[in-house]
Amino acid sequence: VSATTNNTGMGRLVTSFDNGNCKPDGVSDCTAAFQEGIEHCLAENTALLIPSGEFLINQTLQVSIADGSLVLRGEGKYISKVRASQDSGMESIFNISYTAPKYHESTNVEFTDFELLVGDANYGIYSALITRSYFNRLSFFGGKVAGMYINGWINVVDQCSFGGAIGQGLLLPGNNVIVQASSFEGNAGHGIVVPWGNQVSVVNTVIEGNRGVGIWAARCRGCAIRST
């Protein structure tokens, strides 16, 4: 991968990569190109731009945060697409892990403006611990367990759509989490599942046409649902 970095005027340097053998045709294997791009951006503290098209991923992409942050930005919610290889037994398209020594420090991840075609992978995005992160204008379609699983605090899910999951739309344990202006439609399980949490808010969100309940919550203190 040949990376070129430029300043887009958006307040952060953006890295785009020479696709090489990775073509946005939904057939070529783009796993190595994406993984190298992610690692480059983590090292250089830049954002990774996902071009328009459909990119096939055959193995889980690892986002390991030890210090710094990562911004992954597409060209539009339904314009830049990342597809999980089918029948591959993938755990997730993205696995976000936090390896910093201090538990209270932040992960600082921002994913915005692209679609995750999860299919029969377990998750589109999975993180056992994530903090102060922002998921904006993402579309999730599919997911054997859920479209996304994020466990942590001070995270925001904004203007995202979750549909077609074999399991739940969103699995969301955590504290001080906001889901806003999003939609959960046509999932085989529940729309949103909060197995535990404190101060979880669901605001101005459409939840309909799921086979399970709209929101299933247990051990959720200070949780609020407004204009849903």
Side-chain angles (χ1 to χ4, degrees), residues 60-61 63 72 74 77-78 81-82 84 90-98 107 109-228:
T60 297
L61 298 168
V63 180
L72 197 58
K77 189 174 180 180
Y78 302 108
K81 303 179 181 183
V82 182
M90 286 177 61
E91 178 67 10
S92 59
I93 297 178
F94 295 95
N95 178 66
I96 305 170
S97 59
Y98 178 53
T107 318
V109 169
E110 180 183 334
F111 283 12
T112 186
D113 283 319
F114 62 96
E115 183 172 18
L116 295 99
L117 301 171
V118 187
D120 61 3
N122 284 339
Y123 307 94
I125 296 173
Y126 179 89
S127 183
L129 176 62
I130 189 168
T131 68
R132 294 179 175 86
S133 293
Y134 186 49
F135 301 93
N136 175 236
R137 295 191 300 272
L138 300 177
S139 172
F140 296 82
F141 189 82
K144 187 178 292 185
V145 180
M148 180 164 70
Y149 175 101
I150 53 172
N151 174 28
W153 59 93
I154 318 177
N155 297 308
V156 176
V157 178
D158 182 26
Q159 301 176 66
C160 294
S161 60
F162 296 79
I166 302 168
Q168 325 304 332
L170 174 63
L171 273 168
L172 191 67
N175 302 318
N176 298 306
V177 181
I178 298 174
V179 179
Q180 61 188 16
S182 296
S183 65
F184 298 82
E185 301 176 271
N187 297 291
H190 307 314
I192 303 172
V193 172
V194 184
W196 65 268
N198 294 292
Q199 306 299 326
V200 176
S201 298
V202 180
V203 184
N204 297 328
T205 289
V206 175
I207 306 175
E208 61 182 11
N210 304 289
R211 291 185 185 177
V213 300
I215 302 174
W216 185 94
R219 295 186 296 156
C220 193
R221 301 175 58 188
C223 296
I225 302 170
R226 298 190 299 275
S227 301
T228 298

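In this structure, Gln199 has no side-chain hydrogen bond (donor to acceptor under 3.5 Å, both in side chains) partners at least two apart in sequence or on a different chain. Scored by the ring-ring contact (aromatic ring centres under 6.0 Å, His included) test, Phe140 finds Phe162 as partners (sequence neighbours excluded). Residues meeting the side-chain hydrogen bond (donor to acceptor under 3.5 Å, both in side chains) test with Thr60, sequence neighbours left out: none.
Tyr98 places none of its side-chain heavy atoms less than 4.5 Å from the side chain of Thr131. At a threshold of 4.5 Å between non-hydrogen side-chain atoms, the residues Leu138 and Met148 do not count as touching.
Ring planes of Tyr149 and Tyr126: parallel class, angle under 30° (limits at 30 and 60°).
Summarising the geometry, atom CG belonging to Asn95 is positioned 5.5 Å from atom OG belonging to Ser97; distances are rounded to the nearest 0.5 Å. A distance of 9.5 Å separates CG in Leu72 from OG1 in Thr112, rounded to the nearest 0.5 Å. Taking CZ of Phe111 as the start and OG of Ser133 as the end, the distance is 8.5 Å to the nearest 0.5 Å. Annotation: the span from Leu117 atom CG to Phe141 atom CZ amounts to 8.5 Å, rounded to 0.5 Å. Rounded to the nearest 0.5 Å, atoms CD1 (Ile207) and CD1 (Ile192) are 4.0 Å apart.
Side chain of Asn155 to backbone of Ile150: no donor-acceptor contact under 3.5 angstrom is found.
The side chain to side chain donor-acceptor pair (under 3.5 Å) pairs that include a residue from residues 184-197 are Asn187-Asn210, where partners are two or more places apart or lie in different chains. Screening residues 113-128 for salt bridge (charged side-chain N to carboxylate O under 4.0 Å, His left out), with sequence neighbours left out, gives Asp113-Arg137.
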Can you list, pair by pair, the side-chain donor-acceptor contacts under 3.5 Å of residues 169-184, counting residues two or more places apart and other chains?
{"from": "Asn175", "atom 1": "OD1", "to": "Asn198", "atom 2": "N", "distance (Å)": "3.2"}
{"from": "Asn175", "atom 1": "OD1", "to": "Asn198", "atom 2": "ND2", "distance (Å)": "2.9"}
{"from": "Gln180", "atom 1": "NE2", "to": "Asp158", "atom 2": "OD1", "distance (Å)": "3.4"}
{"from": "Ser182", "atom 1": "OG", "to": "Gln159", "atom 2": "N", "distance (Å)": "3.3"}
{"from": "Ser182", "atom 1": "OG", "to": "Cys160", "atom 2": "N", "distance (Å)": "3.0"}
{"from": "Ser182", "atom 1": "OG", "to": "Cys160", "atom 2": "O", "distance (Å)": "3.4"}
{"from": "Ser182", "atom 1": "OG", "to": "Gln180", "atom 2": "O", "distance (Å)": "3.0"}

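Minimum interatomic distance between Tyr78 and Ser161 (heavy atoms only, all atoms of both residues): OH-OG, 3.5 Å. Between Trp153 and Leu129, the shortest heavy-atom distance links the atoms CZ3-CD1, 3.5 Å. Contact between Ile130 and Ser127 at its shortest, heavy atoms only, is CB-OG, 3.3 Å. In terms of heavy atoms, Val203 sits closest to Thr205 at O-OG1, 2.9 Å.
No more than 12 heavy atoms of other residues, nucleotides or ligands sit less than 6.0 Å from atom NZ of Lys144.
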